[in-house]
Student: 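This is the structure, below, for whatever I ask next.
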2 protein chains.
Amino acid sequence: MLTDERHRIIRDRLAAEGSVLAGELATRFGVSEDTVRRDLRELAKSGQCRRVYGGAVAPAPFADAPISLRGGHAVEEKMRLASAAVALLSSGQSLFIDGGSTNAALARAIPHDLELTIATNSLSVASALSDHALVELIVLGGRFVRDLGTCVGADTLAAVAQLGADLFFLGSCGLDATRGVTAFDPAEAEVKRAMARNSAGIVVAVTDDKLATAAPYRVAGAEAIRHLVVEKTAPAAILADFQRQGAEIHFA
Amino acid sequence: MLTDERHRIIRDRLAAEGSVLAGELATRFGVSEDTVRRDLRELAKSGQCRRVYGGAVAPAPFADAPISLRGGHAVEEKMRLASAAVALLSSGQSLFIDGGSTNAALARAIPHDLELTIATNSLSVASALSDHALVELIVLGGRFVRDLGTCVGADTLAAVAQLGADLFFLGSCGLDATRGVTAFDPAEAEVKRAMARNSAGIVVAVTDDKLATAAPYRVAGAEAIRHLVVEKTAPAAILADFQRQGAEIHFA
DNA sequence: GCAAAACATGCAAGAACGTGCACAAACAAA
DNA sequence: TTTGTTTGTGCACGTTCTTGCATGTTTTGC
């Protein structure tokens, strides 16, 4: 059996079942477990699987995967959030849209008959907008970070600095009434801050699981949020805190 | 047994089963393994299979699902060109890749185990590379032109100016031995020129229908082409013109 | 904290490989 | 026919790659 053939079968099984066991593959292929471990190590090195004790699992999906769903099963919620957020748009506006699966859903939900100028550092957002004939699309380039699906770094910041927008759709990692909007990555947070600085208003759309949580890097205070789009199941107490600080609440 | 007949059988078996073993073919044909290896080497050189330890497998682009190719009808030809062009790559290189469907096919054909630095202004190329874990991807942002699928303009030019590359995979609109490489859009041509200026070598891969044609805007002279990847059916007379000007010809 | 399983690493045997060379057959020119 | 050339093939050589095993380490479950 060819090494390449083993790799192919492992990939197939990962795609189909999400995980593989080293021992099981060894007997199936008729080779030693050492060989299987070498295979898995190699696949993991090129990002085609993630190594775990006892075998391997499918890699974390990102960017423009089948339906670019990072959160997995929260897809429907995100699409509902996106539909609600789209109601804030009208022709002639200019927007910043950064990364995250909610923003990817938003981009797909934008009607084709709106005339907008949109700047984004997210590949999946840009791809989703590439067939919107009336959208003037500006890609904010830079070093592409695979885990985020966005571009960050000095080049990205410089590009943002040259632009201004009416609304900034901020993909949020954590959202807390006292700590505000927070992100997991420092470079990502820096880009978000730059976009926030150059925008007249900030829109944050989050699923319930991100409410009242915080990540290490601060992006903007809660008082900077103009529109907050949440699920209908969001706790009223938390929403009240944001409302007190000037946010307008929209239910999906 | 005729050499050509062996090649045909190998191709058939590759199409049917996806892989072949050198030893097995040797006994089946009644020839030495050396001869089989020579056959496989030859087929691999023309992109009809991919050589692996122990035998060969069907070429990469055909193995996985071909999804969003805009090119329409010449898809297979472009995939073959891409397979042949990939042979020019080796780990550690840095590349410019611009737009066009051939380059999109190329990006998809790049093996996952190559460690490359790639800068591109094409959305589809960037998307195709977003799951290559070992590729350092730099997105060249700017105003997105829907018809081209690429970013152009001052911002793009500025981003290109900061970079250098070993090879530039130039998506060509027209290719002529006297007029060189030409493009339909002036802004696009300007970006291509900038990439050409900052690259040590230029690679052009074109289908037959673009050979000996020219578009309005000049990108680079024929003498600037280091590698020219063409179909096997390309007219020898035209190729000779390019070869005389220093281009190395590669057949898909 | 302990035993078992899973793991990474080094190593050696063998398989597969590329290359150069010799030989034979096919072919073209003299 | 004879001679020279080309092409395809097999063999010998040294090289590279894969693989299983032995070793010691890390992780897991109890």
Student: Do any N or O atoms from the side chain of B:R226 and from the backbone of B:A200 form a donor-acceptor pair under 3.5 angstrom?
Tutor: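 Flag set: sc B:R226 to bb B:A200 pair under 3.5 Å.
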
Student: Just to be sure I understand the rule, does A:V52 reach a base, reach only the sugar-phosphate, or reach nothing, if contact means heavy atoms closer than 4.0 Å?
Tutor: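 Sugar-phosphate, no base atom in range.
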
Student: Can you measure A:R41 atom CZ to C:dA6 atom P for me and round it to whole angstrom units?
Tutor: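 One finds 15 Å between P of C:dA6 and CZ of A:R41, rounded.
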
Student: Under 4.0 Å from OP1 or OP2 of C:dA6: is there any side-chain N or O of A:R37 that close?
Tutor: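 No.
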
Student: For the pair A:D12 and A:R8, evaluate salt bridge (charged side-chain N to carboxylate O under 4.0 Å, His left out) and give the outcome as yes or no after the intermediate values.
Tutor: CA-CA 6 Å; A:D12 287 350; A:R8 191 178 51 74; 3.6 Å; yes

Student: Would A:K192 and A:E188 pass as an ion pair if we require N to O under 4.0 Å?
Tutor: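 Looking at A:K192 and A:E188, the cut-off is met.
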
Student: Does the side chain of B:S127 pick up a donor-acceptor pair with the side chain of B:S124 at under 3.5 Å?
Tutor: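 The criterion, which ignores hydrogens and geometry beyond distance, is not satisfied for B:S124 and B:S127.
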
Student: Output one letter per nucleotide in nucleotides 18-30 of chain D: B when a protein non-hydrogen atom lies under 4.0 Å from the base, S when only the sugar-phosphate is that close, - when neither is.
Tutor: SBBBB----BS--

Student: Going by ring-ring contact (aromatic ring centres under 6.0 Å, His included), name the residues that satisfy it together with B:H250, two or more places apart in sequence or in a different chain.
Tutor: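 B:H227.
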
Student: Does a nitrogen or oxygen in the side chain of B:R51 sit under 4.0 Å from OP1 or OP2 of C:dC17?
Tutor: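 Yes, within the criterion.
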
Student: In whole angstrom, give the distance that lies between atom NE2 of B:H7 and atom C1' of D:dG8.
Tutor: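 One finds 11 Å between C1' of D:dG8 and NE2 of B:H7, rounded.
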
Student: Please report how far the helix from C:dG1-D:dC30 to C:dA30-D:dT1 bends, comparing the axis fitted to its first five pairs with the axis fitted to its last five, to the nearest 10 degrees.
Tutor: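 The angle, to the nearest 10 degrees, is 40°.
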
Student: Write down the distance between CG (B:L25) and C1' (C:dC17), rounded to a whole number of angstrom.
Tutor: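 It is 16 Å, rounded to the nearest whole Å.
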
Student: Is A:E24 paired with A:R13 through a side-chain N to carboxylate O contact shorter than 4.0 Å?
Tutor: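 Judged by the 4.0 Å cut-off on N to carboxylate O distance, A:R13 and A:E24 do form a salt bridge.
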
Student: In terms of side-chain geometry, is the basic nitrogen of B:E33 or B:R37 positioned less than 4.0 Å from the acidic oxygen of its partner?
Tutor: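 The answer is yes: the pair qualifies as a salt bridge.
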
Student: Would you find a donor on one side and an acceptor on the other, under 3.5 Å apart, between the side chain of A:R193 and the backbone of A:A220?
Tutor: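 Side chain of A:R193 to backbone of A:A220, a donor-acceptor pair under 3.5 Å: no, none is there.
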
